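What you see below is based on every heavy atom in this structure, not just the backbone, and it leaves out hydrogens, waters and symmetry mates. What you see is a predicted model; the values in this text were computed from it and never measured. In the text below, chain A, chain B and the rest are named by the order of the sequence lines, each starting its count at 1.
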There are 2 protein chains.
Amino acid sequence: MAASELISARVIRRVSFYYEVLLKLNLSPDTYISSKRIEEMTGVSCNQVRQDFFYLGFAIGRQKKGYQVGVLLAELKRVLSVEKCAEVVVVGAGRLGRALTEYPLFGVRNIRIVALFDNDQQVVGQNLKVRDEIVPILHVDAMDAFLRTRAGVNIALLTVPESQAQGAFDNLIRLGIKGIVNFAPRILKIPKGNKQVQLINECVGASLYKIVYQICRNQEGEHRDE
Amino acid sequence: MAASELISARVIRRVSFYYEVLLKLNLSPDTYISSKRIEEMTGVSCNQVRQDFFYLGFAIGRQKKGYQVGVLLAELKRVLSVEKCAEVVVVGAGRLGRALTEYPLFGVRNIRIVALFDNDQQVVGQNLKVRDEIVPILHVDAMDAFLRTRAGVNIALLTVPESQAQGAFDNLIRLGIKGIVNFAPRILKIPKGNKQVQLINECVGASLYKIVYQICRNQEGEHRDE
DNA sequence: TAGATTGTTAATCGATTAACAATC
DNA sequence: TAGATTGTTAATCGATTAACAATC
């Protein structure tokens with residue numbers, strides 16, 4: 001894999017799986033784990049696992065034994081750039097915003113929520129406690145100043161109500177945020193010509209829609225496996 | 001498309017996009033909308049849009065005009081099975097569980113959260129108000145009885161802390177739930193041989209991981225478009 | 001008419017699966 | 001050795017994109 005090549009979202013997601021499952025297993029770094037065993041743990045086929053490792057240029061396996069846990073974790077870590085802490089802000093301190101702030105796997109991945117922003121005076125000034133750190137809820141008007149003192153922060157999670165989504169989004173772009181994950185129930189679009197900003201419209205309900213669809217269909221037609 | 005054939009998750013997701021965007025536009029049912037215009041609204045290419053409609057057997061377009069909004073909405077609705085209300089329970093009445101309960105697009109899709117369950121006596125007995133409906137928080141021990149009186153409920157959202165995920169999951173399977181979306185930060189697996197239950201392990205952080213990865217990479221290497 | 005837009009097919013692209021020689 | 005498991009290539013599968021005749 002060329003160094004400058006972007007890994008696809010699919011691969012990233014599987015690598016996350018491997019990494020988190022492996023961490024959770026908490027095996028001694030000098031034990032070995034086979035692709036078959038990784039399949040059992042993650043549900044990703046052993047062929048896919050080996051293909052991924054090959055594609056990522058790992059070449060750290062040993063026939064008959066598998067992959068040394070410590071070495072494998074280091075490689076996965078490198079791919080995910082976990083060593084470097086990624087600092088992120090949350091815009092919208094409602095239930096979803098707070099839930100995300102507390103999401104435990106962000107810690108594992110060295111992602112740190114450094115502040116929440118809201119325009120509701122009722123919540124501004126509160127603090128959230130996340131893994132021994134205090135995360136403040138600030139007023140949106142203070143975001144400009146905040147970001148200027150924290151040049152490393154260039155990613156935002158957007159969790160405002162639908163009615164405020166567009167405005168908050170425009171504001172984030174204006175402030176120079178580079179990456180936005182939009183959890184608001186509205187599809188946002190980057191203004192044409194702007195190549196600086198990355199946007200993902202997250203669909204909280206996508207999985208549920210899929211399940212609902214499958215269950216409904218199965219009830220109508222005859223039952224079939226798989 | 002054969003009636004018994006399952007539509008892929010990709011298609012379902014795009015169809016959701018079309019449906020929600022179209023609803024939001026709130027056009028008169030007898031106006032027409034072109035695939036090109038749908039591309040502008042959703043970001044899905046007009047080729048993809050037409051391909052989807054073709055695959056789904058719509059055949060409702062008219063050259064030079066496009067698709068009649070009322071007819072198109074009806075077709076999308078049919079595909080998504082939105083006419084029939086899907087009743088769902090939420091297990092875990094924390095921030096994420098409550099945020100999902102209030103998620104506005106579930107209403108659009110005719111998905112109804114009928115109850116939350118928790119084992120914390122502090123929250124049991126509370127009610128959430130969602131779009132004029134009262135949604136109760138009940139004790140997990142009451143779930144068995146609740147589900148027996150509500151045969152139509154066979155889907156659950158799992159939003160408990162990691163430590164309780166496996167237990168709550170096993171319980172849901174025991175109670176005969178057919179579809180589970182797991183938001184807990186642990187990968188769950190359906191016991192081998194069980195073909196009745198559908199499970200999706202939702203990864204709340206997936207999009208953020210992707211953004212973090214892309215932004216980091218872009219900072220390291222030279223800047224490239226796309 | 002001329003231009004726009006559909007339905008549909010074919011080409012391309014990318015991702016997954018299968019296979020197997022190498023070898024510990 | 002024999003069995004297990006890797007790295008790697010080739011085959012398959014599915015999804016997206018491109019193209020274009022049909023036609024309103």
Side-chain angles (χ1 to χ4, degrees), chain A residues 1-2 5-18 22 27 30-73 75-76 79 206 210 213-214 226, chain B residues 1-2 5-18 22 27 30-73 75-76 79 206 210 213-214 226:
Chain A
M1 190 200 62
E5 214 172 302
L6 272 190
I7 302 171
S8 79
R10 297 266 179 119
V11 175
I12 287 286
R13 183 167 177 178
R14 285 198 300 270
V15 172
S16 290
F17 263 38
Y18 306 148
L22 217 52
L27 300 169
D30 51 2
T31 55
Y32 284 76
I33 188 166
S34 70
S35 56
K36 195 73 196 153
R37 180 111 173 74
I38 296 176
E39 170 172 342
E40 284 161 26
M41 301 311 302
T42 62
V44 179
S45 80
C46 63
N47 281 322
Q48 181 78 80
V49 170
R50 291 205 306 283
Q51 182 67 270
D52 284 342
F53 290 179
F54 174 61
Y55 170 70
L56 295 168
F58 283 9
I60 54 173
R62 289 181 58 184
Q63 279 101 336
K64 212 182 161 180
K65 304 188 81 173
Y67 305 88
Q68 198 178 348
V69 170
V71 178
L72 181 54
L73 267 176
E75 288 287 326
L76 294 171
V79 169
K210 193 182 162 199
Y213 174 75
Q214 288 175 342
E226 199 258 331
Chain B
M1 189 202 63
E5 215 173 298
L6 271 191
I7 302 171
S8 80
R10 295 267 178 117
V11 176
I12 288 285
R13 178 157 185 188
R14 284 197 301 268
V15 173
S16 291
F17 263 39
Y18 307 148
L22 217 51
L27 301 169
D30 51 2
T31 55
Y32 284 76
I33 188 166
S34 70
S35 55
K36 195 70 196 155
R37 180 110 173 72
I38 296 177
E39 170 172 340
E40 283 161 25
M41 301 310 302
T42 61
V44 180
S45 81
C46 63
N47 281 323
Q48 181 78 78
V49 170
R50 290 205 307 283
Q51 181 70 269
D52 283 343
F53 291 179
F54 172 63
Y55 169 71
L56 295 168
F58 283 9
I60 54 172
R62 290 180 58 184
Q63 277 102 335
K64 212 181 162 184
K65 305 189 78 174
Y67 306 87
Q68 200 179 344
V69 170
V71 178
L72 181 54
L73 268 175
E75 287 287 325
L76 294 170
V79 169
K210 195 183 160 197
Y213 174 75
Q214 288 175 343
E226 198 260 334

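Considering only side-chain N and O atoms, B:Ser8 lies nowhere under 4.0 angstrom from the phosphate OP1 or OP2 of D:dG14. The side chain of B:Arg62 places no N or O atom within less than 4.0 Å of a non-bridging phosphate oxygen (OP1 or OP2) of C:dA4. The phosphate of D:dT16 (OP1 or OP2) has no side-chain N or O of B:Ser45 nearer than 4.0 angstrom. Distances shorter than 4.0 Å separate none of the side-chain N or O atoms of B:Tyr55 from OP1 or OP2 on C:dT9.
When rounded to the nearest whole Å, the span between CZ of B:Arg37 and P of C:dT6 equals 13 Å. Look at CD on B:Glu39: it is 12 Å from P on C:dT5, rounded to the nearest Å. A:Tyr32 has its OH atom 13 Å from the P atom of C:dC24, to the nearest Å. As rounded to whole Å, 12 Å separates atom P of D:dA15 from atom CG of B:Leu56. Rounded to a whole Å, the CD1 atom of A:Ile7 is 15 Å from the C1' atom of C:dA15. Look at CD1 on A:Ile33: it is 18 Å from P on D:dA4, rounded to the nearest Å. We find that CG of B:Asn47 is positioned 12 Å from P of D:dC20, with the value rounded to whole Å. The CZ atom of A:Phe54 sits 16 Å away from the C1' atom of D:dT5 (whole-angstrom rounding).
Across all strands shown, B:Phe53 has no heavy atoms under 4.0 Å from either base or sugar-phosphate atoms. Nucleic acid contact for B:Ile38: none, since no nucleic acid atom lies under 4.0 Å from a heavy atom of the residue.
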Q | Stepwise side-chain contact (heavy atoms from CB on, under 4.5 Å) test for A:Asp52 and A:Val11 | A | CA-CA 7 Å; A:Asp52 284 342; A:Val11 175; 4.3 Å; yes
Q: Using the side-chain contact (heavy atoms from CB on, under 4.5 Å) rule, take B:Phe53 and B:Arg50 through it: C-alpha gap first, then chi angles, then the decisive distance, then the call.
A: CA-CA 5 Å; B:Phe53 291 179; B:Arg50 290 205 307 283; 5.7 Å; no
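Paired with B:Val71 under the rule side chain to side chain contact (heavy atoms under 4.5 Å, CB included), one option of B:Leu76, B:Ile60, B:Asp30 passes, and it is B:Ile60.
D:dA15 is paired with C:dT12 under the Watson-Crick or G-U wobble criterion, all donor-acceptor distances under 3.5 Å. Look at C:dC24: its Watson-Crick or wobble partner, with both distances under 3.5 angstrom, is D:dG3.
Residues B:Leu56 and B:Val79 share a closest heavy-atom pair of CD2-CG1, 4.3 Å.
Looking at the side chain of B:Gln48, the nearest of the listed nucleotides D:dT6, D:dT17, D:dC24 is D:dT17. Of the candidates C:dT17, C:dG7, C:dT9, the closest approach to any side-chain atom of B:Gln51 belongs to C:dT9. For B:Arg50, whose side chain is taken as the heavy atoms from C-beta onward, the closest listed nucleotide among D:dT23, D:dC20, C:dA15 is D:dC20.
Residues B:Phe58 and B:Tyr67 keep their aromatic ring centres 6.0 Å or farther apart.
Of the two residues contacting DNA chain C, namely A:Asp52 and A:Lys64, the nearest-nucleotide position lying further toward the 5' end is that of A:Asp52.
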